[in-house]
Amino acid sequence: MADVHPDSKEHLSELLHLGLLVPDSDNPDVLIAVDPMQLSMTLSSTWQRQALELLSRAVALPGGLQDLAEEFHAPKEVGGTIEYVRGKVLINQRLRQSVANGVEEILAAQPGGPRPPEVLASTIQQDLDTLRRGAEVRTIYHPSTRYHQPTRDYVATLAEAGGQFRTLDEPYTRLIIIDRRMAVLPVADDLNLAAFIRDEAIVNYLAQEVFERNWNRGLGFDGDRTVPQQVISRLRQTIIDLLLQGTNHRVIARRLGISERTLARHLAEMREEYNVESLFQLGYVLATRAAQAPVEPPADFQ
């Protein structure tokens, strides 16, 4: 190779690189030509294998870096979880387990009228134990619970032990908040499916912006038989509104969470109070009085 003309060295190096020339095994200074056909088959096989290896690496690369990419793009603050539990039995079991572990605060909004007596009886002992351990328990009920003797007895017993209750004559969502760390609420209108939320931001929002606002608008309730006049007036106005819409007595009673007997008593007392004989006349009198009532100026202009 030392005798090769300088102008031919570049071509010679290329032939050696391609493998068309190889040193003789007995005399390395002597170059031997290789069969081009055989060389092409060998190179083709080698390059195909290398190409497949590169293709496999290219395909596998995104998956191999997936965990790293997720960590890179993940937010610095990690939120909580939302677990869906189906079935009232499982939902109540999960709630009882959460309370049995020891809690400091329970906030509950229970719309829909009086709770079944068997439910009250099954929970009163655990609720008393929770209060006696020093927990704060606040509950919002519908005003119709004031007419329900089992609920009044339940409220009176827990109020004596430190429980706090109010009634709210407005639409509100069923909600339970435990220690401001977990919130439980139904999914849509399906009471058989509940969401257990353990995200601090969401739970705090539900506590402050939903429960506390409703609590502040509620009226105190300690289980006493005496019903505040404000509750009576609003309940009766709702009865009249539903009657004028053509709603029958059974539906009105169910919607308000009172018995048909209680509804009939309210209607009789209203007719006597306004000295009318028919429900239509009663509705007309109430509507006329409402239209003639003076409008209070906004607080900012007083």
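Given the structure is predicted, the values throughout are model-derived calculations rather than measurements.
Contact between Ala195 and Ile82 at its shortest, heavy atoms only, is CB-CG2, 4.1 Å. Contact record, Ala121 with Ile124: O-CG2, 3.6 Å, taken as the closest heavy-atom pair. Shortest non-hydrogen contact noted between Leu206 and Ile177 is C-CD1, 3.8 Å. Summarising the geometry of Arg236 relative to His266, their closest heavy-atom pair is NE-ND1, 3.1 Å, with the distance given to 0.1 Å. Counting all heavy atoms, side chain and backbone alike, Gly220 lies closest to Arg146 at O-NH2, 2.8 Å. Across all their heavy atoms, Ile178 and Ser98 have their closest contact at CD1-CB, 3.8 Å.
Side-chain contact between Phe211 and Ile140: present, with at least one pair of heavy atoms (C-beta onward) separated by less than 4.5 Å. No side-chain heavy atom of Asp127 sits under 4.5 Å from any side-chain heavy atom of Leu131. Using a 4.5 Å heavy-atom threshold, the side chains of Tyr147 and Ile232 count as touching. Taking the side chain as every heavy atom from C-beta outward, Leu242 and Thr238 approach each other to under 4.5 Å. Between Ile176 and Met182 there is no side-chain heavy-atom pair separated by less than 4.5 Å. Side-chain contact between Thr173 and Val210 is absent, with no heavy atoms from C-beta onward closer than 4.5 Å. By the 4.5 Å heavy-atom criterion applied to side chains, Leu243 and His249 are counted as neighbours.
Residue-environment remark: CD (Gln93) exceeds the threshold of 12 foreign heavy atoms within 6.0 Å. Around the CG atom of Asn275, the shell of radius 6.0 Å holds no more than 12 heavy atoms that belong to other residues, nucleotides or ligands. At most 12 heavy atoms of other shown residues, nucleotides or ligands fall within 6.0 angstrom of atom CD in Glu272. Within a 6.0 Å radius of CD in Glu118, other residues, nucleotides and ligands contribute more than 12 heavy atoms. The environment of Arg225 atom CZ is sparse: at most 12 non-hydrogen atoms of other residues, nucleotides or ligands sit within 6.0 angstrom.
No side-chain donor-acceptor contact under 3.5 Å links Thr130 and Gln126. Between the side chains of Gln237 and Asp241, at least one donor N or O sits under 3.5 Å from an acceptor N or O. Asp153 and Gln149 share a donor-acceptor pair across their side chains, judged by distance under 3.5 Å alone.
Here the CD atom belonging to Gln164 is positioned 12.0 Å from the CG atom belonging to Asp222, to the nearest 0.5 angstrom. Of the inter-residue distances, the one linking Met270 atom CE with Arg265 atom CZ reads 10.5 Å to the nearest 0.5 angstrom. If you take OG on Ser44 and CD on Gln48, they are separated by 4.0 Å, rounding to the nearest 0.5 Å. Separation of atoms CG (Leu185) and CD1 (Ile197) is listed at 4.5 Å; rounding is to 0.5 Å.
Hydrophobic clustering (side-chain heavy atoms under 4.5 Å, transitive across Ile, Leu, Val, Met, Phe, Trp, Tyr) keeps Leu107 apart from Val99. A continuous path of ILVMFWY side-chain contacts below 4.5 Å connects Tyr274 to Leu267, so both sit in one hydrophobic cluster. When the side chains of ILVMFWY residues are joined at heavy-atom separations under 4.5 Å, either directly or via intervening members, Val203 and Leu95 end up in two distinct hydrophobic clusters. Under the 4.5 Å side-chain heavy-atom criterion for ILVMFWY residues, no single connected hydrophobic cluster contains both Leu128 and Val119. Under the 4.5 Å side-chain heavy-atom criterion for Ile, Leu, Val, Met, Phe, Trp and Tyr, Phe221 and Leu219 are members of distinct hydrophobic clusters.
Counting only distance, with no hydrogens or angles, the side chain of Asp179 and the backbone of Glu104 share a donor-acceptor pair below 3.5 Å. At least one donor-acceptor pair under 3.5 Å links the side chain of Arg234 to the backbone N or O of Asp169. The backbone N or O of His142 lies less than 3.5 Å from a partner atom in the side chain of Tyr172, making a donor-acceptor pair. Glu209 contributes no side-chain N or O that, together with a main-chain N or O of Tyr205, makes up a donor-acceptor pair within less than 3.5 Å. Side-chain N or O atoms of Arg166 include one that pairs as donor or acceptor with a backbone N or O of Trp215 at under 3.5 Å. Under a 3.5 Å cut-off, the side chain of Ser233 and the backbone N or O of Gln230 do not form any donor-acceptor pair.
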Residue pair Thr145, Val155: steps toward the side chain to side chain contact (heavy atoms under 4.5 Å, CB included) verdict: CA-CA 10 Å; Thr145 56; Val155 169; over 6 Å; no

Would you check, one step at a time, whether the test salt bridge (Lys or Arg N to Asp or Glu O under 4.0 Å) holds for Glu53 with Arg57? CA-CA 6 Å; Glu53 291 177 356; Arg57 292 176 60 186; over 6 Å; no

Tyr154/Thr123 under side chain to side chain contact (heavy atoms under 4.5 Å, CB included): CA gap, chis, key distance, verdict: CA-CA 10 Å; Tyr154 169 86; Thr123 62; 4.1 Å; yes

Report the C-alpha separation of Gln125 and Asp129 in whole Å, then their side-chain angles, then the decisive distance to 0.1 Å, and conclude whether the side chain to side chain donor-acceptor pair (under 3.5 Å) test is met. CA-CA 6 Å; Gln125 189 56 54; Asp129 292 342; 3.2 Å; yes

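Electrostatic pairing of Glu136 and Arg180 does not count as a salt bridge here, judged by no charged N lying under 4.0 Å from a carboxylate O. We find that Glu105 and Arg181 are not joined by a salt bridge, their nearest charged nitrogen and carboxylate oxygen being 4.0 Å or further apart.
Note: Phe165 and Tyr141 have parallel aromatic rings, judged against thresholds of 30 and 60 degrees for the angle between ring planes.
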